[in-house]
Visitor: 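Take this structure first; my questions come after.
Reminder, nothing fancy here: chain letters follow the sequence lines and each chain counts from 1. What's counted below: heavy atoms across the whole structure, side chains too, no hydrogens, waters or symmetry copies.
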There are 2 protein chains.
Amino acid sequence: MPPKDAPDIVVRRLPYYMRALAQAAERDQTVVSSQELGAWLGVSPAQIRKDLSYFGEFGKQGLGYEVAYLRDQLRAILRADRDWQVVLVGAGALGTALAHYPVFTYGQFPIVAVFDNDPAKHDRRLREDLVVQPVAGMEQAICDRGIRVGILAVPAGAAQEVAEGLVACGIEAILNYAPIRLSLPEHVRVQDIDPVAVLQSMTYYL
Amino acid sequence: MPPKDAPDIVVRRLPYYMRALAQAAERDQTVVSSQELGAWLGVSPAQIRKDLSYFGEFGKQGLGYEVAYLRDQLRAILRADRDWQVVLVGAGALGTALAHYPVFTYGQFPIVAVFDNDPAKHDRRLREDLVVQPVAGMEQAICDRGIRVGILAVPAGAAQEVAEGLVACGIEAILNYAPIRLSLPEHVRVQDIDPVAVLQSMTYYL
DNA sequence: TAGATTGTTAATCGATTAACAATC
DNA sequence: TAGATTGTTAATCGATTAACAATC
């Protein structure tokens, strides 16, 4: 019986486990139990143990998990032990804000190229090392560098077309800020970030 | 047997149904089937019918749903037929970008006050009608206007404290951009938006 | 009427939790 | 050793899907 793949919902929790462990390590905590980790994250200890068990055995009975070790294991599992160059499309207010995030500047997901269709924005310098370019040059730039991750911060009307361009350039993971559902090939992962939809679901309860 | 409350996961899908219907209405489409709506959204027709059935009967057998009618019903259910004034805390790059979103300017969630703890930012004008104020005046401003929704766009280190301040002011729903889990009273709804966690879960598959 | 599609029930599928033997 | 906590199995819970009578 082959080991079961971790469900996507489990994979999506791992970054939160990883972050909690990184914070614990910064506090010089050396060991943590599933009980404690769960309390921090609002998750049951059983769920944490079950989630981790999809990927291996990381703890010691009677003791718990070594903080630094488990953090490093999760980093390796999520491929967070390396950088992923990112291409940003859309240099409006949101794109500009994202370009200044530390994680997108020196962090794990450096934005290395920005494109926009608005000629008024071309050559604008978003950062020391980042100049807005015309979308026409996108394919070339992405292929040359082997970039696989894209962030879409364009208006809804342009999103589908731009997304197809990204996919044609070899992008396999897209973080989509445009409030529209993208239709893309199966192999491309898309995650939407939509603050309005989130707020609208919250006001239901008010 | 009392009717069952809709699960939260259903409520979270309604904004997407609502948006698709609004777009269909703009195309002057008058009627839509669960089949068609599901195809647009990448959801099964059965799921759409089941989801809607938590809230009432909105369709006609053999025909489908009247687009404008169902859109309006969903608007009423989600309380999207009114404005919700929003308070923004954090006037950095992200907060500034959010302040310029149309939906947060003239839309359903107008940001009516911005606070920041950095004196250098005080009195900065984010928009025609929006000036950054010291956090000290927050409670007063929120209570005066009866604001119930907050957006948190401050660094992780300040988030918990600021969130507690918001709750003390009567805020009941928080959209949290800080990469940290907030511990707040049960009655306060919190939704996190964390692009890094999302990207990290996607790179697992690359 | 005949064809289509809803609303709902029952079946299926998948995720979470409880419980406990293994063992540090 | 005694106490604690893991990893895993089985039980439970909840969400999705399939199917179909009702009916437009």
Side-chain angles (χ1 to χ4, degrees), chain A residues 1-18 20-21 24 29-74 77 181 201 204, chain B residues 1-17 20-21 24 29-74 77 201 204:
Chain A
M1 193 172 58
K4 274 218 213 77
D5 277 1
D8 184 58
I9 197 167
V10 171
V11 173
R12 289 223 293 267
R13 281 192 291 262
L14 297 188
Y16 297 97
Y17 298 172
M18 188 168 67
L21 289 159
Q29 184 170 348
T30 57
V31 162
V32 67
S33 66
S34 58
Q35 170 77 56
E36 196 176 6
L37 192 51
W40 296 341
L41 292 163
V43 151
S44 78
Q47 180 163 83
I48 287 181
R49 296 200 302 275
K50 185 86 161 79
D51 284 358
L52 294 177
S53 75
Y54 284 104
F55 305 96
E57 308 190 356
F58 305 107
K60 287 203 180 48
Q61 283 106 323
L63 260 91
Y65 303 89
E66 229 220 287
V67 170
Y69 174 73
L70 181 54
R71 177 201 60 195
D72 291 344
Q73 291 295 305
L74 289 177
I77 290 164
R181 194 187 124 85
S201 69
Y204 170 80
Chain B
M1 193 174 58
K4 273 218 214 79
D5 277 0
D8 184 58
I9 197 166
V10 171
V11 174
R12 289 223 293 267
R13 280 192 291 262
L14 297 188
Y16 296 97
Y17 299 172
L21 289 159
Q29 183 170 347
T30 56
V31 161
V32 67
S33 65
S34 58
Q35 169 78 56
E36 196 176 6
L37 192 52
W40 295 340
L41 292 163
V43 152
S44 78
Q47 181 163 83
I48 287 182
R49 297 201 301 275
K50 184 86 163 75
D51 284 357
L52 295 176
S53 76
Y54 285 103
F55 305 96
E57 307 190 357
F58 304 107
K60 287 203 179 49
Q61 283 106 324
L63 262 90
Y65 303 90
E66 229 219 288
V67 170
Y69 174 73
L70 182 54
R71 177 202 58 195
D72 292 343
Q73 291 295 305
L74 289 177
I77 290 164
S201 68
Y204 170 78

Visitor: Can you tell if the side chain of A/Tyr16 reaches within under 4.5 Å of the side chain of A/Val43, non-hydrogen atoms only?
Guide: no

Visitor: Minimum heavy-atom separation for A/Trp40 to A/Val32, with atom names?
Guide: CH2-CG2, 3.8 Å

Visitor: Considering non-hydrogen atoms only, spot the tightest contact between B/Val10 and B/Asp51 and give its length.
Guide: CG2-OD1, 3.4 Å

Visitor: Taking everything shown except A/Gln35 itself, do over 12 heavy atoms lie less than 6.0 Å from its CD?
Guide: no

Visitor: When you compare the side chain of B/Ile77 with that of B/Val11, does any pair of heavy atoms fall below 4.5 Å?
Guide: no

Visitor: For A/Pro7 and B/Pro45, find the nucleotide of DNA chain C closest to each by heavy atoms; which residue's nucleotide sits nearer the 5' end?
Guide: B/Pro45

Visitor: Listed in order of residue number, which residues of residues 29-37 of chain A have a non-hydrogen atom at under 4.0 Å from DNA chain C?
Guide: none

Visitor: Relative to each other, are the rings of A/Tyr69 and A/Phe58 parallel, tilted or perpendicular (30° and 60° limits)?
Guide: tilted

Visitor: Under a cut-off of 3.5 Å for both distances of each Watson-Crick or G-U pair, what dot-bracket string does DNA chain D give, using [ ] for crossing pairs and | for inter-strand pairs?
Guide: ..||||||||||||||||||||||

Visitor: Could you give the start and end, 5' to 3', of the contact zone on DNA chain D for chain A, using atoms under 4.0 Å from its heavy atoms?
Guide: D/dA4 to D/dT9

Visitor: Side chains of A/Leu74 and A/Leu52, heavy atoms from C-beta outward: is any pair under 4.5 Å?
Guide: yes

Visitor: Minimum heavy-atom separation for B/Ser34 to B/Ile48, with atom names?
Guide: O-CD1, 3.9 Å

Visitor: Hey, which sits more toward the 5' end of DNA chain C by its nearest nucleotide, A/Lys60 or A/Arg49?
Guide: A/Arg49

Visitor: Minimum heavy-atom separation for A/Val67 and A/Leu21, please, with both atom names.
Guide: CG1-O, 3.3 Å

Visitor: Side-chain contact test, heavy atoms from C-beta onward, threshold under 4.5 Å: evaluate it for A/Tyr65 versus A/Arg49 and give yes or no.
Guide: yes

